[in-house]
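Below: one structure, written as structure tokens.
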Amino acid sequence: DSDWRPSDEVAAGLAVAAAACLLALGVSRAVAEIYHLRRPESLFDALPVSARAQLAAALVRRAARVSGVAAAAVVARSLAGGGVWDARLPALLACFVAVTASGQALAAVQWVHWGHRRERPHAAVALLMFAACSVAAGLLLFVAVKPWAAPELGRAWLVAGSIALAGAALLLLFALHERWRASDLEYAKRLGAKDSWGRLGERVARRACGSEAVAAQLARDLQLTLRGFSSAVYVAAGLAALFVIVLVAALTTGLLPEGSVPSSLFEATWLPGVLAVKFASVLACVALASLVPVLVAHQLPHFWLERAVGARGADAWRAKLLYARAVTLPASLAAWAAGALCGAAPASYVVPMLAECVWLWWIVSTLAGSLAFEMPEQPGLALVLMACAGLAAGGFVAFLWPMGLAIYGLGVDHLKMRGHHRAHLHLNSEGV
């Protein structure tokens, strides 16, 4: 089992990396909460509500969101064999929430000010605080999940240092926010109106699509997803992350049988660890691909706008196909990265395993995009159809990847033709 279990140093490093990702992912939402971008709380700017009170409310919202990660840490702790609860766990989790929430809010304020003023000294301080918060939050998360990995004195120093770091971050946050809010508020609102994520998605879409009509629709779909147009966005992302977490747990706790040493490179594709990575990649891709029918159903009442501007069914179908590929690619790469870091495959098969994961992503996302307009009025049935098709094809190809060539060559062309027809039907005749 030692070959499959990472050392405490590696696990701590992974926890720090996860904490850094969590901090970075929360910055854009923290900006919206602090500066009330496209939020009803923007009315408070016209009322006698102090900036400190609004910032405190934003911090409470940040802490509430981060508490979900702390709750997941309790579940991970029980799976790792550390028990569900002990007397030290509340202090560790409270420090984790405080450090992460304050780090996200401070990074959000610094990020807006950097975009407005481009002051390098403040940017250097922001990077230093971001790194410190990432390390502290990651170590707190690691010790909370694996309490036996740190001595009693080390845990006490970690808690004390985290309290000091969170306090320093909060003091700096309130001071900078009070100093910069008046000048940065209008810039932050313009930033929200411009939607930097949407502009980035539009630039990437135009280069990838080569068609202005397809690029505009793809950029709009990506904007809706990044804004969380439906609770299904969070459910799908959570399921995809859960599959990757289960993969890591299976690879690091000895749940999988040890495979024999492959005599050739081709035989490595059937190693238990490699198969686990591929199946996790398929499941995560299918979870994120479930957003396609939900998005189409969400846009169905507004199809008259597409008809008014003369959009073609082929463009609408191609935009959804590219959307399916865009939202599922991170899941496949995450599954491969988790497998590579946890030693699922020999070093000589890490790159071929990446090729297999990319191949599975291509097949699953192509099926999801091709079936986007199959049943727009009934997203539940469309979701079942898409999930069944993706799991069947992806699971079969995961076990024997050359068969994917036959599936892709024989079935995808027919699905593309049907997809064009269905998109044209619903776009130009309201689906009747």
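Annotation: side chain of Ile163 is in contact with side chain of Cys95 (closest heavy-atom distance under 4.5 Å). Between Leu172 and Val125 there is a side-chain heavy-atom pair separated by less than 4.5 Å. Contact check for Val109 versus Tyr35: side-chain heavy atoms found under the 4.5 Å cut-off. By the 4.5 Å heavy-atom criterion applied to side chains, Leu14 and Phe142 are not counted as neighbours. Under the 4.5 Å side-chain criterion, counting only non-hydrogen atoms from C-beta, Val364 is not in contact with Thr328. Leu283 has its side chain within reach of Leu391: a pair of non-hydrogen atoms, C-beta onward, lies under 4.5 Å apart. At least one side-chain heavy atom of Arg29 sits under 4.5 Å from a side-chain heavy atom of Arg65. When side chains are defined from C-beta on, Leu383 does not count as touching Val294, because their heavy atoms never get closer than 4.5 Å.
Leu93 contributes atom CG, which lies 9.0 Å from atom CG of Leu140 (distance to the nearest 0.5 angstrom). Atom CZ of residue Arg62 and atom CG of residue Leu55 lie 12.5 Å apart, to the nearest 0.5 angstrom. If you take CG on Leu271 and CG on Leu275, they are separated by 7.5 Å, rounding to the nearest 0.5 Å. Rounded to the nearest 0.5 Å, atoms NE2 (His177) and CD1 (Ile34) are 6.0 Å apart. Atom CG in Leu139 sits 10.5 Å away from atom OG in Ser134 (nearest 0.5 Å). With values rounded to the nearest 0.5 angstrom, Leu291 atom CG is found 12.0 Å from His298 atom NE2.
Leu23 and Gly103 get closest at one heavy-atom pair: CD2-C, 3.9 Å. Nearest heavy atom pair, residue Leu360 against residue Ala398, reads CD2-N, 3.6 Å. Of all the heavy atoms in Met353 and Gly339, the pair that sits closest is CE-C, 4.2 Å. When all heavy atoms of Trp317 and Phe373 are compared, the pair lying nearest together is CA-CE1, 3.8 Å. Residues Ser370 and Thr366 approach most closely at OG-O, 2.7 Å, considering heavy atoms. Of all the heavy atoms in Ser162 and Val99, the pair that sits closest is O-CG2, 3.6 Å.
Side-chain N or O atoms of Gln104 include one that pairs as donor or acceptor with a backbone N or O of Leu22 at under 3.5 Å. Using a distance-only test at 3.5 Å, with no hydrogens or angles considered, no donor-acceptor pair links the side chain of Trp362 to the main chain of Arg325. Checked by atom type and distance alone, the side chain of Ser290 pairs as donor or acceptor with a backbone atom of Ala287 at under 3.5 Å.
By the side chain to side chain contact (heavy atoms under 4.5 Å, CB included) test, Val358 pairs with Leu354, Trp361, sequence neighbours left out. Taking Ser332 as the reference, Ser281 meet the side chain to side chain donor-acceptor pair (under 3.5 Å) condition, with sequence neighbours excluded.
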>> Is there a side-chain contact (heavy atoms from CB on, under 4.5 Å) between Phe130 and Gln110? Walk through the geometry before answering.
In response: CA-CA 10 Å; Phe130 182 87; Gln110 293 275 18; over 6 Å; no
> Run the side-chain contact (heavy atoms from CB on, under 4.5 Å) check on Leu165 and Cys133 step by step: do they pass?
Replying inline: CA-CA 7 Å; Leu165 178 61; Cys133 291; 4.2 Å; yes
>> Would Trp270 and Phe399 count as a side-chain contact (heavy atoms from CB on, under 4.5 Å) here? Give the steps.
In response: CA-CA 7 Å; Trp270 291 296; Phe399 188 76; 4.0 Å; yes
> Can you check side-chain contact (heavy atoms from CB on, under 4.5 Å) on Trp111 and Leu106, steps first, answer last?
Replying inline: CA-CA 8 Å; Trp111 180 55; Leu106 180 60; over 6 Å; no
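Legend: salt bridge (Lys or Arg N to Asp or Glu O under 4.0 Å) pairs involving residues 354-364, not counting sequence neighbours, sorted by first then second residue: Lys278-Glu356.
Between His113 and His122, the angle of the ring planes goes over 60°, which puts this pair in the perpendicular group of the 30/60° scheme.
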